[in-house]
Q: 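Take a look at the following structure, please.
Counting convention: from 1, in listed order, for ligands and their atoms alike.
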Amino acid sequence: MHNVAMNIPFVDLKTQYERLKPQINARIDQVLEHGAYVMGPEIAELERQLSEYCNVKHAIACSSGTDALLLGLMAYDIGPGDAVFTTSFTYFATAEAIALLGATPIFVDIDKSTFNIDPERLEEAIQRARQSGKLKLRGILPVNLFGLPADYHRIDPIAKEHDLFVLEDAAQSFGATCGNRVSGSLGDISATSFFPAKPLGCYGDGGAVFTDDDVLAEKILSLRIHGMGQDKYDNARIGLNARMDSIQAAILLAKLEIFDDELEKRKVIAGIYHQCLKDLVGTPYIPYGMSSAWAQFSVLSDHREDMIEALAEKGIPVQVYYRIPCHLSKAFAYLGYKSGDLPITERVSSRIFSLPMHPYLDFEIATTTTSVFHDLLLKKSGESYRAQLKAGNDHS
Ligand SMILES: *Cc1c(COP(=O)(O)O)cnc(C)c1O
């Protein structure tokens with residue numbers, strides 16, 4: 001039925017640009033005219049809109065999601081001897097930010113349904129680290145993977161009990177909700193990314209840090225510009241060059257206007273994928289009271305590699321997030337984790353893959369994917385049936 005390759009982009013930024021072209025071009029032209037390319041008026045305007053959107057007192061635009069995480073950790077003076085609890089099943093930048101400051105990431109296994117940090121395992125990891133007494137336990141860095149918030153209802157009391165901060169990695173979840181709170185307001189500090197492929201993306205690197213805490217906000221503002229005091233030539237602390245370009249803020253301002261509509265479109269596509277695929281592969285689970293920003297639609301199968309190959313033949317691109325969990329990466333070999341340490345993370349990373357997901361996706365992709373998976377599973381069950389018969393014959 002679907003013999004023609006579809007040739008679908010994994011993330012379609014071109015259709016979005018066509019929709020917003022006049023607004024985006026006008027916004028960029030304004031920056032070119034006023035000439036304040038760094039820290040221009042668009043930055044303050046964007047920060048105002050972001051803080052309103054997330055219902056957080058302070059939104060601080062910055063140069064990337066990675067720098068947003070760094071700024072958050074630096075606001076707590078994280079450094080050598082400190083431990084921060086996080087997930088191994090994430091983009092490398094999460095754990096990298098902790099390690100870059102000389103601190104130690106402690107990797108906690110994930111929940112098998114949400115793929116986010118498992119609060120029960122978190123509690124155990126805290127107890128274990130406390131007993132060993134080698135590191136100073138400082139904070140928890142949960143990641144809202146694929147757009148779904150981590151279980152903050154259970155993480156928050158654990159953080160309080162052990163006097164740990166919560167730094168929300170909202171790089172994939174801008175627009176998601178957890179109860180009556182919006183992602184960006186789920187941590188003591190929250191960090192998001194505006195990398196082009198994220199739910200809200202600019203045309204380069206960008207990010208933002210959020211907090212309700214006035215003292216932390218002031219420190220982050222200083223850290224963003226070389227630890228500036230009264231001005232950038234009065235340096236109060238060691239900081240970063242972590243500013244956002246005015247042009248990126250201008251682009252985000254144009255895109256924010258249609259962001260809720262795009263979220264809705266992602267939700268519809270996720271619903272269609274789920275209905276079509278739920279009997280063929282493991283589909284995402286969204287706990288009651290939460291909503292996902294649908295950065296990715298990720299599915300689980302024991303036949304991942306065959307499915308990826310069969311989809312590629314139909315022109316449907318797939319990504320694997322993440323084949324190598326952080327604790328087994330070469331970069332973190334020095335921490336001494338070994339295969340088997342985080343069984344759920346490892347099992348999920350061997351079976352998961354993500355289908356194309358963006359607001360402008362043709363619904364036909366869901367039916368094509370369904371028939372590809374269906375045909376493949378039928379073939380697989382035939383093979384295993386024949387193998388069973390053969391094994392039976394060998395015994396006789
Ligand atoms: C993308 C991402 C980051 C880093 O964001 P950049 O803007 O690319 O620096 C951090 N954490 C997670 C979970 C991400 O997906």
Q: Using side chain to side chain contact (heavy atoms under 4.5 Å, CB included) as the criterion, list what pairs up with Tyr385, not counting sequence neighbours.
A: Gln388, Leu389
Q: Can you check whether Phe259 and Phe174 have ring centres sitting under 6.0 Å from each other?
A: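 Yes; Phe174 has its ring centre under 6.0 Å from that of Phe259.
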Q: Are any protein N/O atoms closer than 3.5 Å to the N/O atoms of ligand 1? If there are, list each pair with names and the distance to one decimal place.
A:
unit_1	atom_1	unit_2	atom_2	d
ligand 1	5 (O)	Ser193	OG	3.4
ligand 1	7 (O)	Gly65	N	2.7
ligand 1	7 (O)	Ser193	OG	2.6
ligand 1	9 (O)	Gly65	N	3.4
ligand 1	9 (O)	Thr66	N	2.8
ligand 1	9 (O)	Thr66	OG1	2.5
ligand 1	11 (N)	Asp169	OD1	3.4
ligand 1	11 (N)	Asp169	OD2	2.8
ligand 1	15 (O)	Gln172	NE2	2.7
ligand 1	15 (O)	Lys198	NZ	2.6

Q: Name all residues meeting the side chain to side chain contact (heavy atoms under 4.5 Å, CB included) criterion together with Pro142; count only those two or more places apart in sequence or in a different chain, and write none if there are none.
A: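 Listed in chain order: Ile117, Ile140, Ala150, Tyr152, Ile155, Val166.
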Q: If you group Ile, Leu, Val, Met, Phe, Trp and Tyr whenever their side-chain heavy atoms sit less than 4.5 Å apart, what else falls in with Leu223?
A: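 Reading the cluster by chain and number, Leu223 sits alongside Ile60, Leu69, Leu70, Leu71, Leu73, Met74, Tyr76, Ile78, Val84, Ile98, Leu100, Leu101, Leu141, Phe165, Leu167, Ile189, Val209, Leu216, Ile220, Leu221, Leu240.
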Q: Do the ring centers of Phe146 and Phe297 come within less than 6.0 Å of each other?
A: no
Q: Less than 6.0 angstrom from the centroid, inside 45 degrees of the normal: does Lys14 satisfy that with respect to the ring of Tyr203?
A: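 Ring-cation test returns no.
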